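What follows is a set of notes on a single structure, which appears directly below.
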There are 2 protein chains.
Amino acid sequence: MIPDSTAPVGLTVDVVLLTIRSERLSVLMVERGIEPFAGSWALPGGFVLPDEDLDDAARRELEEETSIADALTHLEQLATYATPDRDPRMRVVSVAHLAFVPDLPSPVAGSDAAGARWWAADELLYGSEGVRLAFDHRRILLDGVERARSKIEYTTLAAEFVTEPFTLADLRQVYESVWGVDLDPANFRRKVLSTPGFVTDTGESQSVGRGRPAVLYRRGPATDLHPAMLRPDS
Amino acid sequence: MIPDSTAPVGLTVDVVLLTIRSERLSVLMVERGIEPFAGSWALPGGFVLPDEDLDDAARRELEEETSIADALTHLEQLATYATPDRDPRMRVVSVAHLAFVPDLPSPVAGSDAAGARWWAADELLYGSEGVRLAFDHRRILLDGVERARSKIEYTTLAAEFVTEPFTLADLRQVYESVWGVDLDPANFRRKVLSTPGFVTDTGESQSVGRGRPAVLYRRGPATDLHPAMLRPDS
DNA sequence: CCTTATACTGGTCACCATGACCACAAAGGA
DNA sequence: TCCTTTGTGGTCATGGTGACCAGTATAAGG
């Protein structure tokens, strides 16, 4: 019971910060300037301070490295990664977190790290280019994307990806980008409006160029979807 | 980036091991013999060895403390708890795991710890008796039970709670115990049998006293339920 | 100015899963 | 031999969904 046979371990947090950019699910990454994995892209994160809670550390690191000062309305724990050799320097246990923000909450400027930018998730995960991810961050990113895909099925968290006010097409675009499918506009509308508290009508409408103007909505008080939004096969 | 400002942290695993005993959802607990929290009940667990993976540590601790040698067919990570003052001795980060076993896989004998026994989950969580739980293990247990409740909705993991061969009544009892509801036998049967690969028919049947004998089944190859098993309101 | 393309809105219809039942079968116990 | 109990098989109404169609409201183009 006494930790005499335990090696020193480092405790870190990493954040999978997702958004929708140009109709694509995107993730914030930081280019590493030092070894190991210098030049590779890593999830924003870092060591947890003494007496600091995990979610506090996640928010602080996001602020320091990427100046995303936006109060993250949703930050949840994703999973913990502790494979002994995942960091060549020492044993490091990383508690990964998952967060959603609307498109372009801030232009990722004034960053502490060498460089921070948004990457399209599938480009980073399945792109043929020689993009290199640090540590086991590819696995973490895979788990984060999968968690996001299932979370928007049975919660209203998809609305965290859009700025208020938004149209039902905006919200539908979130589902289509995260799931990688096309949804029928009419059926999607019926589903969202039949869920009490998912969105609230503002009465106003907006035209974005071609097509009939769409009614504008805001996020409603509901947090769960019963029954869930069904994800099409492919 | 360099961990110079980090305090030493201890890394532990804790396991929420659930089963069904006497038609009640039950959890394996260990009585602590030493301070802190001597005399309180704790989840089985302990420190992770150097170069040891988290799930290996969880299996080893379960073996050491409770002699549950059964190869756990399902052991999943639950969540990580790292509140700075959760252990009065030092900062300890605990990665909680969740596992399901059939009723009475072994009588919890030859235990390393002072005492290990099964507790009915609701008795431990909401009982009026003066049962004391160590550390933040009440919160971990709450999260584990909630995870189990939702997991059996959309996976076939409920079958991990029964010994083969089993009747549909046995499987239904799992859902009723975990969810705390009553299910219609006929509708439950239709749902299970209409899900390909949930269970496989053995052709044999068994009589357990009163009532018509029930057909015996084994676990099928399916792992997911589409659509999910619906949990009644209350 | 009129036509066309585009996209949001509103509706119908068939299908499927489900909940609430009902009836029968097959065992044990009084 | 009832009678109770429990598993099995079925019907029926309801609600959510996918597929589809029609109408409306805007911008772009001739």
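Naming: A, B, ... by sequence-line order, numbering from 1 per chain. What you see is a predicted model, and the numbers here were worked out from it, not measured in a lab.
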Only counting residues at least two apart or in another chain, list the ones meeting ring pair (Phe, Tyr, Trp, His ring centres under 6.0 Å) with A:His137.
A:Phe135

Without hydrogens or angle criteria, can the side chains of A:Asp14 and A:Tyr81 be said to hold a donor-acceptor pair below 3.5 Å?
no

Atom pair distance, as rounded to whole Å: CD in B:Gln206 and C1' in C:dA26:
14 Å

Atom CG of A:Leu216 to atom P of D:dT26: distance rounded to whole Å?
13 Å

Listed by chain and number, what are the side chain to side chain contact (heavy atoms under 4.5 Å, CB included) partners of B:Glu76, not counting sequence neighbours?
B:Leu98, B:Arg147, B:Lys151, B:Leu157

Checking A:Ala134 now: which residues fulfil side chain to side chain contact (heavy atoms under 4.5 Å, CB included) with it, not counting sequence neighbours?
A:Arg32, A:Phe37, A:Ser40, A:Ala42

Return the residues of residues 158-167 of chain A meeting this criterion: a heavy atom under 4.0 Å from some atom of DNA chain C. Order them by number, or give none.
none

Using the 3.5 Å cut-off, write out each protein N or O paired with an N or O of nucleotides 4-7 of chain C and the distance between them.
unit_1	atom_1	unit_2	atom_2	d
C:dT6	O2	A:Gly211	N	3.4

Name the atoms and distances for all side-chain donor-acceptor pairs under 3.5 Å in residues 192-200 of chain B, with sequence neighbours left out.
unit_1	atom_1	unit_2	atom_2	d
B:Ser194	OG	B:Arg190	O	3.0
B:Ser194	OG	B:Lys191	O	3.0
B:Thr195	OG1	B:Lys191	O	3.0

List the residues meeting side chain to side chain contact (heavy atoms under 4.5 Å, CB included) with B:Thr83, not counting sequence neighbours, and say none if there are none.
A:Asp53, B:Asp85, B:Arg86

Please report the distance, rounded to the nearest Å, between CZ in B:Phe188 and P in D:dT6.
17 Å

Measure the distance from CG on A:Leu183 to P on C:dC8 and round it to the nearest whole Å.
13 Å

Does B:Arg24 have any side-chain hydrogen bond (donor to acceptor under 3.5 Å, both in side chains) partners at least two apart in sequence or in another chain, and if so, which?
B:Asp122

Taking atom P of D:dT6 as reference, at what distance in whole Å does atom CD of B:Glu176 sit?
12 Å

With sequence neighbours left out, what residues match B:Glu176 under side chain to side chain contact (heavy atoms under 4.5 Å, CB included)?
B:Arg172, B:Gln173, B:Asp182, B:Leu183

ring-ring contact (aromatic ring centres under 6.0 Å, His included) partners of residues 138-176 of chain A, not counting sequence neighbours, each pair once:
A:Phe100-A:Phe161, A:Tyr175-A:Trp179, A:Tyr175-A:Phe188

So which nucleotide from C:dT9, D:dT8, C:dA27 ends up closest to the side chain of A:Leu168?
C:dT9

Contact state string [nucleotides 15-23 of chain C, B base, S sugar-phosphate only, - no protein heavy atom under 4.0 Å]
--SBBBB--

Review item, side-chain donor-acceptor pairs of residues 218-230 of chain A, under 3.5 Å, at least two apart:
unit_1	atom_1	unit_2	atom_2	d
A:Arg219	NH1	A:Ala159	O	2.5
A:Arg219	NH1	A:Val162	O	2.8

I want to check something: taking the side chain as every heavy atom from C-beta on, are A:Asp170 and A:Thr163 in contact at a cut-off of under 4.5 Å?
no

